[in-house]
Each structure stands twice: as structure tokens, then as C-alpha cells.
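Chain naming here is simple, since letters A, B, ... match the order of the sequence lines and numbering starts at 1 in each. Computed over heavy atoms, backbone and side chain alike; hydrogens, waters and symmetry mates excluded.
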Amino acid sequence: MPELPEAERARAAIEAGALHRRIAAVDDRDVYVSRPHAPGEIADALVGRELTSAHRRGKALWCETSEDGPILGLHLGMAGRIVIDEEPAPRNWDRFVLHFEDGGMLALRDKRRLGRARLEPDLDALGPDAADIGRAAFRTRVGRGSAPIKARLMDQAVIAGVGNLLADEILWQARLDPRRSAGELTDDELDRLRRAARAALRSAVRRGGAHTGDVIPARGPGAACPRCGVEMAKGRIGGRTTFWCPAEQR
DNA sequence: ACCTATGTTGATAC
DNA sequence: GGTATCAACATAGG
């Protein structure tokens, strides 16, 4: 789930429902999710403050806090989501929780525990947001290296926000073979790729998630390309399961 | 029961 | 430095 669209949805939810509410308590006991902080460290830094703004770049989320408080960084990991003013989840799935003075809450709800909460997150290593990047920057950042173009697209230091599902969707829309070396793409192909990325990201944000793409249903044994009907190819690229149309994606 | 799969990232080795 | 592999976690399904 969590790729750029889910992160944007979470950001908007925080902005709409969790700002300017005084924090009365923080549950940061999950030392894995709140690493490298010790239990209580985030709580000590946040109790008595409010979240004042919610930001996102790629899949990274962060909030500013009142009275020159620290930045609170949140990452949804592989299965996390942000819930606000809901009943507590079963099985301790609320891995990090802000309890507000008004009785409400904000939680990072995450079965897998691969999400993350931390103070003063390092955002410098993150590339420009995949939905915003300009044509020239896209060409120079993405169009280099010998790694497969799919791996390059998913490298968060190159551009931020594209995960496994969206990478397949974008490459399918652009009709590019995911195995090709990034550095060997022509400028025309890179422009095509960028247009496909912007369109896919915009559409996914509007439709509410990375799972809403046109080629996502074709991720399964024996599935056919939704455009031409040829059986989709399956392989492992950049360490991730990959589906592509062997007839159209060149 | 056991094996595989899964949207993430980060550490490690070549 | 760039690239590839594995591990972290917990759950679902064959």
C-alpha cells in the first residue's frame, strides 16, 4: 500500500484532523518502530506541544511542532497507515500513538512494524518528489547508471515516491522494458517515462492509492496485458517481483 | 507443518 | 560509488 499516494493521503488526513491539538501523552514504547530513540524520548519531546503542519516528500512524512519543538518524522513502511480518532487496533497494531488532551488520538497503525516514527528525520538523502520533478532534472537523475530502469525509478535517493507497484504501472504506461539500463534510455524515452509517472501518480492520488492502476490487476499467474492481451511476463528486477508486457514494453 | 508471498528501508559486500 | 543481496518485521495463503 504505502507508496506516494498513500503517504499523501496520510499527510492530508493529519493536516485536516490532527493539527493544533495539544498532545497529552505519547506511546512510543515500540523500540523498533521508534528506533533509534529510547522509550519515552519522543514522548518527552512532544508532550505539551501541538502538531502545527504536515509535510511529505515521496513516501516520507513529517510534522512541525509548536513552540520550536522538534520535527516528528513518520514513515508508513510496508503496511502502515495513519488513523485519527479511531478505536484502538487489536494486537497492538498501533505502534506509535499521540494521545490528545481532547481525548482523541493519532496512531501509526502497522501490522508489520516496518513503519517508523522518529525525531528530526534526515530528509537530505531523499530525491525530489516524483510527482513534481521537472523534465531536465528527471533526465539527468533518472537517465544514468547501468542498473535496470525499474530499480532506478524505485531508488528513493534518485526520485522519491515510486514503489514496486507504481514502477510496474509507470513502465507499462510508458511501454518501456523494465530490464533496460537506465543510462541507455534516450531523452525521448525519458520524457515519455516522466509523463507516464506524473499521470500515474496523479491518478493514483486521485483514486486513493497505488493499487488503482490499470496494470495492477495483471499481477498474477497467467494474467494478460490489459491492452494487447498477451500474457504478462514475470521476473525479479531490483530484488522485486515485476510484471511487464513482453510484446509492448521495449 | 512448512514453505512462499507481500507495498518498505537499510546494512553489507563486491 | 553503484549495484546486488539479504535481513528486519508480521501476516496471509498454498
So does A:T241 get a side-chain nitrogen or oxygen closer than 4.0 Å to the phosphate oxygens (OP1/OP2) of B:dT6? yes

C:dA10, OP1 or OP2 - any side-chain N/O from A:R113 closer than 4.0 Å? yes

If you only use heavy atoms from C-beta on, which nucleotide in C:dA10, B:dT6, B:dT8 is closest to the side chain of A:R95? C:dA10

Could you check how far CG of A:D168 sits from P of B:dT6, rounded to whole Å? 11 Å

Once you apply a heavy-atom cut-off of 4.0 Å, does A:R144 come out as touching a base, just sugar-phosphate, or nothing? nothing

Hey, are A:D177 and A:R250 close enough for a salt bridge, meaning a charged N less than 4.0 Å from a carboxylate O? no

Between B:dA5, B:dT8, C:dA10, which nucleotide has the shortest distance from any of its atoms to the side chain of A:E3? B:dT8

Would you kindly give the CZ-to-P distance between A:R112 and C:dA10, to the nearest whole Å? 10 Å

Quick one: is C:dA10 close enough that its OP1 or OP2 comes under 4.0 Å of any side-chain N or O from A:W93? no

Using a 4.0 Å heavy-atom cut-off across all strands, classify A:R152 as base, sugar-phosphate, or nothing. sugar-phosphate

I want to verify a distance call: between C:dA10, C:dT11, B:dG10, whose nearest atom is closest to the A:R91 side chain? C:dT11

Within less than 4.0 Å of OP1 or OP2 of B:dT8, is there a side-chain N or O belonging to A:R240? yes

Quick one: look up who C:dA4 pairs with, Watson-Crick or G-U, both distances under 3.5 Å, and put none if it's unpaired. B:dT12

Can you check the distance between B:dT12 and C:dC9, where both ends of the measurement are the P atom (answer in whole Å)? 15 Å

From the candidates B:dT6, C:dC9, C:dA10, the one with an atom nearest any side-chain atom of A:R236 is B:dT6

Within the structure provided, determine whether A:R219 and A:M232 are in side-chain contact (heavy-atom separation under 4.5 Å). no

Shared ILVMFWY cluster between A:L153 and A:V205, side chains joined below 4.5 angstrom? yes

Length of the line joining A:K111:NZ and C:dA12:C1', which is rounded to integer Å: 9 Å

Separation of A:L126 atom CG from B:dG10 atom C1', in whole Å? 14 Å

Rounding to an integer number of Å, can you tell me how far A:I237 CD1 sits from C:dT3 P? 15 Å

Is any side-chain N of the basic residue among A:D129 and A:R56 closer than 4.0 Å to the acidic one's carboxylate O? yes

Nearest to the side chain of A:K59 - C:dA8, B:dT9, C:dA10? B:dT9

Per A:Q156 side chain, nearest of listed nucleotides B:dT8, B:dA5, B:dT9: B:dT9

Just to be sure I understand the rule, does A:G239 reach a base, reach only the sugar-phosphate, or reach nothing, if contact means heavy atoms closer than 4.0 Å? nothing

Do the side chain of A:R116 and the base of B:dT9 come within less than 3.5 angstrom through a donor-acceptor pair of N or O atoms? no

Closer than 4.0 angstrom, basic N to acidic O: yes or no for A:D214 and A:R207? yes

With a cut-off of less than 4.0 Å, is there a side-chain N or O of A:S146 near OP1 or OP2 of C:dG2? no

Using a cut-off of strictly less than 4.0 Å, decide whether A:H75 has a side-chain nitrogen or oxygen near OP1 or OP2 of B:dT9. yes

Identify which nucleotide among B:dT8, C:dA4, C:dA10 has an atom closest to any side-chain atom of A:A147, counting heavy atoms from C-beta outward. C:dA4

Expressed in angstrom and rounded to an integer, what is the separation of A:D110 atom CG from C:dA10 atom C1'? 9 Å

Atom-to-atom span, CG of A:D124 to P of B:dG10 - whole angstrom: 13 Å

Starting from P on C:dA8, measure out to CG on A:D30 and report it in whole angstrom. 16 Å

Assess whether atom CZ of A:R9 is packed by more than 12 heavy atoms of other residues, nucleotides or ligands within 6.0 Å. no

Salt-bridge criterion met for A:R112 and A:D110 (N-O under 4.0 Å): no

